[in-house]
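All remarks here apply to the structure that follows.
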There are 2 protein chains.
Amino acid sequence: MSEQTDPVKRKPATSYDVARAAGVAQSTVSRCFSADSLISAETRQRVLSAAAELGYTPNTLARSLITQRSNTVALVITGYTMRDSPNVMYTLADALARQSMRVMLITAENDEDLRPAVLDLLGFPLDGLITCASMHADDSRQFLRRGVAMVSYNRKIEVPKVDAVLADHDGASRQIAEHLVRAGHKHLLCVAGPEEAPVSRERIDGFTAAVREAGLEVPHVLHTDFSYDDCKARFLAYVGKAKRLPQGIFCANDELAFAIMDACRYDLQLRVPEDVSIVGFDDVAVAERPSYLLSTVRPPAEVMANKAVELLLRRIREPDVRARTLRFDCELVERASARFGKP
Amino acid sequence: MSEQTDPVKRKPATSYDVARAAGVAQSTVSRCFSADSLISAETRQRVLSAAAELGYTPNTLARSLITQRSNTVALVITGYTMRDSPNVMYTLADALARQSMRVMLITAENDEDLRPAVLDLLGFPLDGLITCASMHADDSRQFLRRGVAMVSYNRKIEVPKVDAVLADHDGASRQIAEHLVRAGHKHLLCVAGPEEAPVSRERIDGFTAAVREAGLEVPHVLHTDFSYDDCKARFLAYVGKAKRLPQGIFCANDELAFAIMDACRYDLQLRVPEDVSIVGFDDVAVAERPSYLLSTVRPPAEVMANKAVELLLRRIREPDVRARTLRFDCELVERASARFGKP
DNA sequence: CTGAAAGCGCTTACAG
DNA sequence: CTGAAAGCGCTTACAG
């Protein structure tokens, strides 16, 4: 039986192996792989070619242990948010990668399921963490205590030293309400996610507050699990036993609005917007297609994601500056699915 | 000026700190945090409460360095795939998390941009890597050489010891072709992604091969950048100067099919499927909505993702078993957008 | 410019 | 059951 080493099982080469091959000290090898070290061109050349020969790359884990920088940022996100706005996630990950940060992805179906995975991360010396989900204040403090910089994306957070990037859902929802009221809609309906979904809640609250302030009857809120099917079913059930059809429907996001629009058109044979105005939120790609032409609200998601990364990097550099909350205006996108009243 | 330590800047407690607080050796502390160590209940109790007091969690980096297991798997995925099938990514990440694996996310807009980020990862002692993008064979070998288990998701890969999980795009596309031919469609068109997109190519190749074998004229292939707008524009331009309209259109994915359907209905005033049959691929959620009712193909994406993780774990345990390629049948989903001929 | 040495925070034989 | 010691693979003062 030969002693040939199988390349698959061979352990990666270390700086000692390279040092031996190049006839230098291990510390010299190390210097060749850090940016600003004084190394003679000739030595560097020899070391680098020995390294290439052995397929050597410095072990970043060992490096992190000693530099106390892991160059790793955790991205915490629920399955729902990921499926619903994959682009937010892509933009965050991409912006991080461009800053030479590694991205650790923490995901689970909802905030509660996320928690064990998040806590498990306490043992990993992260440089930073961006959360697109609501975290327990206690958990956040644990991370802060370990020196992890934190930024919250689209979730309010009341923990000191945690920055936040928020879309002004409240303001946009109020504008929608005002437009619908001004156009003469009297009977309004809201279609929301689950009771506890924070973004949905914010949007619906803003809308109903503005309707109340306009002196109209406060709209009924239909809660759903955010899915198309559930939304459609609940809406049809609601309409079935309601005294009258709503004239305007505000949905906490575009997917809900599509379900409502389909239900109105294909199940109830209503014309949109002649019989009913429908408004969504997010401006996903499908919204502008001719089959929907959904009036909606566009939060500046990419800008916000890039800003979140910027805030995070700043906080990594200066951990003790006061927490900043950046609030971004959303753009109203008026299409054919709703009658809006101009001021 | 007081010497009060700011909790935010305090370095995380180490096992030595806990040992001192509990009056035991550092190695004893370590034992309390590994599963199957012999520790007296009393000692463990004392150590654990000291640890809780200090907010101590073992540093997984240091642990990995010594155990040679990082419990980390890299997920390599392009922006396109991520936006197009966020659910694949979620399923992969979730399955990994359930196996107590950490997930490192590597993303970039396309295969080429992905490369630097992937190579950067060579320095991180991964346990495994799942790629949803095409990797250079050389790069794959570098990982294998470092003992990283690899699985390719929906990309053929010819490197030994790399497992693959594939949908049978070829077979499904051939079936679509046969159905369209049998229903009497003579003039067919294919709408593809970019020339080099591997999944798109596989689907289109299967379709055109079957059409050729059926003795019909080989369909023209319209290449697009996968975006709705580009697809629509190129299609309308093509139709504008074509001698006749195609009777059946096969699209490499559902998004392209939606663009084609909208163009047919709203720009060309054609009826679907009376004037033209349209078929997509993927069965995204929008496909079954009443505004589209798209006939399409459903690859068992969740099953495949779970299987990919299963293969990966198996290969982590047994690095040297022969490479396996699992090919999954897709389901034809017949809706209203195409006339299919029954055999 | 280069080397010898200490140390990052752990795990794990090895004794006792 | 517990402790002392070696070592995982690096970086970085400290000398020279």
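Convention: sequence-line order gives letters A, B, ...; per-chain numbering from 1.
Spacing between atom CD of B:Q45 and atom P of D:dC1 amounts to 16 Å, rounded to whole angstrom units. The distance from atom CD of B:E42 to atom P of D:dC1 is 12 Å, rounded to the nearest whole Å. Between the C1' atom of D:dC8 and the CG atom of A:L65 lies a distance of 9 Å, rounded to the nearest Å. Remark: P of C:dT12 and CZ of B:R69 are 12 Å apart, rounded to the nearest angstrom. In this structure, the CG atom of B:L122 is 13 Å from the P atom of D:dC10, given to the nearest Å. Atom CZ in A:R31 sits roughly 10 Å away from atom C1' in D:dC14 (whole-Å rounding). Put simply, CZ on A:F124 is 19 Å from P on C:dC8, counting in whole angstrom units.
Between B:T28 and B:L61, the residue whose closest nucleotide on DNA chain C is further toward the 5' end is B:L61. Nearest-nucleotide mapping onto DNA chain D: of A:P58 and B:R46, the residue sitting toward the 5' end is B:R46. Residues B:A25 and B:I66 both approach DNA chain D. Their nearest nucleotides, taken by heavy-atom distance, put B:A25 toward the 5′ side.
B:Q68 comes within 4.0 angstrom of sugar-phosphate atoms only, judged by non-hydrogen atoms across all strands, and of no base. Within the nucleic acid shown, A:S27 comes within 4.0 Å of at least one base atom, counting heavy atoms only. Residue-level contact check: B:Y56 touches the backbone only, with heavy atoms under 4.0 Å from sugar-phosphate atoms and none from bases.
Checking side-chain atoms of A:D127 against main-chain N and O of A:R69 turns up no donor-acceptor pair under 3.5 Å. A donor-acceptor contact shorter than 3.5 Å is absent between the side chain of A:R115 and the backbone of A:D139.
A donor-acceptor pair shorter than 3.5 Å cannot be found between the side chains of A:T43 and A:R31. Side-chain atoms of A:N87 and B:R83 form a donor-acceptor pair, as typed in the model, at a separation below 3.5 Å.
Candidate nucleotides D:dG3, C:dT11, D:dA13 were compared by shortest atom distance to the side chain of B:Q26, and C:dT11 ranks first.
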